[in-house]
Protein chains: 2
Amino acid sequence: MSNIRDVAKVAGVSIATVSRALSAPETVSKKSLKKVHDAIEQVQYKPNMLARNFRRHRAFTIVVLVPNMANTFFATVVRGIEDVMQQHGFGVLLGDTRDQRKREEEYLKLVETRQADGVIQLRPYWEGDSILPKDDIIAVNAAGCEDTPYPCVRIDNAGAAKTATDYLLSLGHKRIGVITGLSENPHTIDRLKGYRQSLENAGIDSCEEWVAEGEFTMWSGLNAAQHFIRIPKEERPTAILSMNDEMAIGAIKGFRAAGIKVPQEMSIIGFDDIEVSRYAEPALTTIAQPAEEIGKAAANMLLRLIEGKELRQSDYILPYEFVVRSSSVPFSG
Amino acid sequence: MSNIRDVAKVAGVSIATVSRALSAPETVSKKSLKKVHDAIEQVQYKPNMLARNFRRHRAFTIVVLVPNMANTFFATVVRGIEDVMQQHGFGVLLGDTRDQRKREEEYLKLVETRQADGVIQLRPYWEGDSILPKDDIIAVNAAGCEDTPYPCVRIDNAGAAKTATDYLLSLGHKRIGVITGLSENPHTIDRLKGYRQSLENAGIDSCEEWVAEGEFTMWSGLNAAQHFIRIPKEERPTAILSMNDEMAIGAIKGFRAAGIKVPQEMSIIGFDDIEVSRYAEPALTTIAQPAEEIGKAAANMLLRLIEGKELRQSDYILPYEFVVRSSSVPFSG
DNA sequence: CTGAAAGCGCTAACAT
DNA sequence: ATGTTAGCGCTTTCAG
């Protein structure tokens, strides 16, 4: 393994010149530059980034905290993050936390011990259960919720849920159910707000029976369907807003298994617009979050922060789209 | 930011003792240990891993090369890798290559420049189009194919494809189609081998028309369905083996759109057993790859290699499972 | 534009 | 069991 000294020797220049030739070529004469490059070629020099980063007090690495990498939505956000980070010469360390606080802490240590320069958190901020914000830790939240006390890029969750519910109302549905995430989850709270607002505007009293708690997994969506199936048909919602696509897919499975036709007897709207949703049977009407864009925006924010720059805004809201497909149809009493 | 020197001063010991207290506590007296820990607490010392890794000539980081992180199967393998790595104090750098060779090379540089100690490649080895194996780069292939010229953990792809085809045969199907990945993709080759073997054993001449080329995406699966739909009904396969679940899901969508009933008129078998497959309509019969286990095994292999140990075997084959669900039914001519 | 030299924070001989 | 000390490979003043 050759080092900068070997290159200097072969090139007949000082190590300082070699160093400059690599990190600030414009400050070196063409002649020296050529000598250095030839020498690098000759001794097969590969700079030791471990040494370089150490010296520069920068890891050129960030860590991303993901509740579950196998979730397509999260994976897509991470792709966006990774794309801009790699363009800027930064590596992305994967922190699949599996919803465990201990793992979050473990990964955060990478930042405290300088192995990473900052962190992007994909779990929404949760008062009383959040390891961020933290002094001396540069962090950005991606795809989070309202009132996140550190820089954040997200969509208007309440607005999106309201849009979807409004749409169901416009189709003539009067009893509209909702499948939520865990009740304390901020996404649940924000989206429930929009859902309730919509019903209220329409003069409909929302009913406790219409709310089924899930946990953002297909399995829990299927479970939630059971809840609605148990309600007598005359009182049962005729349409449901699911707070993500996974649960919507699970719920469809549940309803079909019970002989309830989707969408004829039960309209369903999802949230996120993951890739499989358009291939679901029926194709899912859903709120499309710009997952990759969210990731990119979060990455750019974090880079600015790492470079010590100011942020133009610290609650960056991206537009969502409402995508109508086949899982939602007019009410047919 | 305090350093080891500050700790030593406060504790009244030498920096060597502090260093040892952290990395080899058993070689330090209880008394010194306590002094050190108290001092660490007092000055809020956090070791600078950048310095430590530099000094130890090790990044304690690996990089994983993934063709597409948004693919659930890959994401699950990565989870397995990450789990093992984090238990061993190693970070996992994400290298989403988006099927671009340039990106692969970019990420491989992280190993050459010592920012990572090794690499796990999730793209199958491809003669003439592979950046691995490479001298001085410690690498393991995960979920790859036969005859990979560097350490590899995988399933028996040919055997799995044969199992699935045999099953279709046993259900009475005589015309059995297959949706492949790109024709040069080693997975395509290995699995096609099993498929052909099965037909041959049954004395059936496999027909070129029965093979539709996809590229492992839902969209290409839907496309492949079009191919089969164009074949006159009397000659059309009555069952299809798809080389992954995504394409199977796309194909089902395609057949349904054309009014062909799945599974009544067309049985379909997938490959991988990603989570959504059991929620598909109909639930997918499929080859279940032990994705997370593959990741864990690959991670353990890589760790041994990084530590300079020998491998017990360099082509590690894990068992697959054949999962029968509702997308495959007996032939009903 | 170039070179000499002083470390960055830590580990690992080596000596005690 | 502990301390002294010499770097790891690189960047970055500071002179020239």
Side-chain angles (χ1 to χ4, degrees), chain A residues 1-40 43-61 89 109-117 136, chain B residues 1-40 43-61 89 109-117 136:
Chain A
M1 210 70 246
S2 56
N3 63 24
I4 202 170
R5 218 159 241 111
D6 302 326
V7 176
K9 201 173 296 168
V10 171
V13 299
S14 73
I15 61 168
T17 300
V18 177
S19 176
R20 281 189 282 252
L22 266 67
S23 47
E26 69 280 5
T27 68
V28 174
S29 71
K30 285 240 181 313
K31 211 169 124 193
S32 297
L33 216 51
K34 181 171 171 22
K35 287 195 286 187
V36 168
H37 283 138
D38 289 350
I40 283 176
V43 304
Q44 290 271 24
Y45 172 66
K46 304 256 192 278
N48 180 335
M49 291 303 190
L50 245 33
R52 183 181 202 249
N53 296 349
F54 160 55
R55 195 42 243 267
R56 297 177 57 177
H57 302 286
R58 271 266 154 97
F60 294 97
T61 297
K109 271 197 201 132
L110 294 175
V111 186
E112 298 178 324
T113 60
R114 334 287 303 247
Q115 290 196 93
D117 304 316
D136 304 336
Chain B
M1 210 73 245
S2 54
N3 62 27
I4 201 172
R5 219 159 240 111
D6 302 326
V7 177
K9 200 173 296 170
V10 171
V13 299
S14 72
I15 60 168
T17 301
V18 177
S19 177
R20 282 188 284 253
L22 267 70
S23 47
E26 69 280 7
T27 68
V28 173
S29 72
K30 286 239 182 311
K31 212 170 124 194
S32 297
L33 216 50
K34 180 167 172 22
K35 286 196 285 184
V36 169
H37 282 138
D38 289 351
I40 284 176
V43 304
Q44 289 273 21
Y45 171 67
K46 304 254 192 280
N48 181 335
M49 292 302 191
L50 245 33
R52 181 180 202 247
N53 295 350
F54 160 55
R55 194 43 243 267
R56 297 179 58 178
H57 302 285
R58 205 157 264 187
F60 295 99
T61 298
K109 271 195 201 131
L110 295 176
V111 186
E112 298 179 323
T113 60
R114 334 288 302 245
Q115 289 196 92
D117 304 315
D136 306 334

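Here is the naming used below: chain letters follow the sequence lines, and residue numbers restart at 1 for every chain.
Between A:Lys35 and A:Val13 there is a side-chain heavy-atom pair separated by less than 4.5 Å. Side chains of A:Arg114 and B:Met49 form no contact here, defined as non-hydrogen atoms less than 4.5 Å apart. Residues A:Arg58 and A:Asn53 form no side-chain contact, since every pair of their non-hydrogen atoms from C-beta on lies 4.5 Å or further apart. Between B:Thr17 and B:Arg20, some side-chain heavy-atom pair lies under the 4.5 Å cut-off.
Taking the 5' to 3' direction, DNA chain D first and last meets chain B under 4.0 angstrom from a heavy atom at D:dA1 to D:dG9. Reading DNA chain C from its 5' end, the first and the last nucleotide to sit under 4.0 Å from a heavy atom of chain B are C:dG9 to C:dA13.
Between B:Ser14 and B:Arg55, the one whose closest nucleotide on DNA chain D sits nearer the 5' end is B:Ser14.
Among the protein residues, A:Leu50 comes within range of no part of the nucleic acid, since none of its heavy atoms lies under 4.0 Å from any strand. Residue A:Ser19 is classed as a base contact, given a heavy-atom separation below 4.0 Å to a base. Among the atoms of the strands shown, only primed sugar atoms or phosphate atoms (P, OP1, OP2) are found under 4.0 Å from some heavy atom of A:Ser32.
Between the two ends of the helix from C:dC1-D:dG16 to C:dT16-D:dA1, each summarised by a five-pair axis, the helix axis turns through 30° (rounded to 10 degrees).
Here the OH atom belonging to B:Tyr45 is positioned 11.0 Å from the CZ atom belonging to B:Arg5, to the nearest 0.5 angstrom.
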